Amino acid sequence: MGIPNGLFESNFDLFSWPESCVQRLHEFCMLKLFDVIGELNGYPPEELRRLESQTHAWFHITRRGGRFSSHNHPMATWSGVYCVSPGASDAGETQSGVLHFHNPHQPAGMYIDPGNQKLGGNYPLKGRNLSLLAGDLVLFPSWLIHEVFPFYGEGQRITVAFNCAFRQLGASTTR
């Protein structure tokens, strides 16, 4: 997939950079992710300590018109986006630079009538839009299809993205 105009994507080694600000961000993101993994999987702390992540991290700088089309992140279980700066969107551009998650149950919307057209809660038929603010961290399963809508504004929208795959320390890699 080519990188569209208005978007710069770095190499995927960001979290290996030695700068203290990068290492603090790396630690923050991993602590939050491990908290989520522990909670959702019911792992006690000693089991979490036996997990090792292989992480790829990069950053995007998005300028006017930049976007990233629908995709997921194969070969990872969890992904994250950290917002460094949302940029300054033009007045009236409410969808500018929005991170959009597609509904993984889209086939459920193949037939819409009054019986399902206003479903909410855990059963909405449409996707979810997030307008990120500086300091926001969004964690999500890597299989979830998502995109970034075009950024219409001044300055730059800067985000850090990462993917993680895990293995259990001391576990055999053969089956």
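This structure is a prediction, so every number in the text was calculated from the model and none was measured. Only heavy atoms go into these numbers, but all of them, side chains included; no hydrogens, no water, no symmetry mates.
Taking 4.5 Å as the limit, every side-chain heavy atom of Ser89 sits out of range of all side-chain heavy atoms of Tyr152. Counting heavy atoms from C-beta on, the side chains of Ile61 and Arg157 never come closer than 4.5 Å. Looking at Cys29 and Leu137, their side chains come closer than 4.5 Å, going by heavy atoms from C-beta outward. Looking at Leu130 and Phe101, their side chains come closer than 4.5 Å, going by heavy atoms from C-beta outward. Residues Phe15 and Met30 have side chains in contact (heavy-atom distance under 4.5 Å, counting atoms from C-beta outward).
A donor-acceptor distance shorter than 3.5 angstrom exists from the side chain of Arg64 to the backbone of Gly153, with no hydrogens or angles considered. A donor-acceptor contact shorter than 3.5 Å links the side chain of Ser10 to the backbone of Phe59. Ser96 contributes no side-chain N or O that, together with a main-chain N or O of Glu93, makes up a donor-acceptor pair within less than 3.5 Å. With hydrogens and angles disregarded, no donor-acceptor distance shorter than 3.5 Å links the side chain of Glu52 to the backbone of Gln168.
In this structure, CG in Leu99 is found 9.0 Å from CD in Glu147, a value given to the nearest 0.5 Å. The distance from atom CG of Leu144 to atom CZ of Arg128, rounded to the nearest 0.5 Å, is 10.5 Å.
At most 12 heavy atoms of other shown residues, nucleotides or ligands fall within 6.0 angstrom of atom CD in Gln54. Annotation: Glu27, atom CD; neighbour count of heavy atoms from other residues, nucleotides and ligands within 6.0 Å does not exceed 12. The environment of Glu39 atom CD is sparse: at most 12 non-hydrogen atoms of other residues, nucleotides or ligands sit within 6.0 angstrom. Within 6.0 Å of atom CZ in Arg50, more than 12 heavy atoms from other residues, nucleotides or ligands are found, so the atom counts as buried in its surroundings.
Residue pairs meeting the side-chain hydrogen bond (donor to acceptor under 3.5 Å, both in side chains) criterion with at least one partner in residues 133-143, sequence neighbours excluded, are Ser79-Ser142.
Ring pair His73/Phe140 is tilted by interplanar angle, where 30° to 60° counts as tilted.
Checked against His146 for a side chain to side chain donor-acceptor pair (under 3.5 Å), the options His102, His100, His71 give a single hit: His71.
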Inset, instruction - Please test Phe166 against Thr77 for side chain to side chain contact (heavy atoms under 4.5 Å, CB included), starting from the C-alpha separation and ending with a verdict. - result: CA-CA 8 Å; Phe166 295 87; Thr77 51; 3.4 Å; yes
Inset, instruction - Could you check Val138 against Tyr82 for side chain to side chain contact (heavy atoms under 4.5 Å, CB included), going step by step and ending with a plain yes or no? - result: CA-CA 6 Å; Val138 179; Tyr82 177 84; over 6 Å; no
Legend entry - Audit row: Val36, Trp78, side chain to side chain contact (heavy atoms under 4.5 Å, CB included) steps and yes/no: CA-CA 10 Å; Val36 167; Trp78 287 95; 4.1 Å; yes
Legend entry - Residue pair Phe68, His60: steps toward the ring pair (Phe, Tyr, Trp, His ring centres under 6.0 Å) verdict: CA-CA 10 Å; Phe68 212 96; His60 285 145; 5.3 Å; yes
Inset, instruction - Check the pair Leu51 / Tyr43 against side chain to side chain contact (heavy atoms under 4.5 Å, CB included), numbers first and verdict last. - result: CA-CA 10 Å; Leu51 294 182; Tyr43 290 151; 3.9 Å; yes
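Considering all non-hydrogen atoms of both residues, Asp90 and Glu154 come closest at OD1-N, 4.2 Å. Taking all atoms of both residues into account, the shortest heavy-atom contact from Arg67 to Leu7 is O-CD2, 3.5 Å. Contact record, Val84 with Ala134: O-CB, 3.4 Å, taken as the closest heavy-atom pair. The minimum heavy-atom distance between Cys164 and Phe162, with the atom names listed, is SG-CD1, 3.9 Å.
Here Val98 is tied into one hydrophobic group with Phe149, each link being a pair of ILVMFWY side chains closer than 4.5 Å.
In this structure, Phe12 has its ring center at least 6.0 angstrom away from the ring center of His56.
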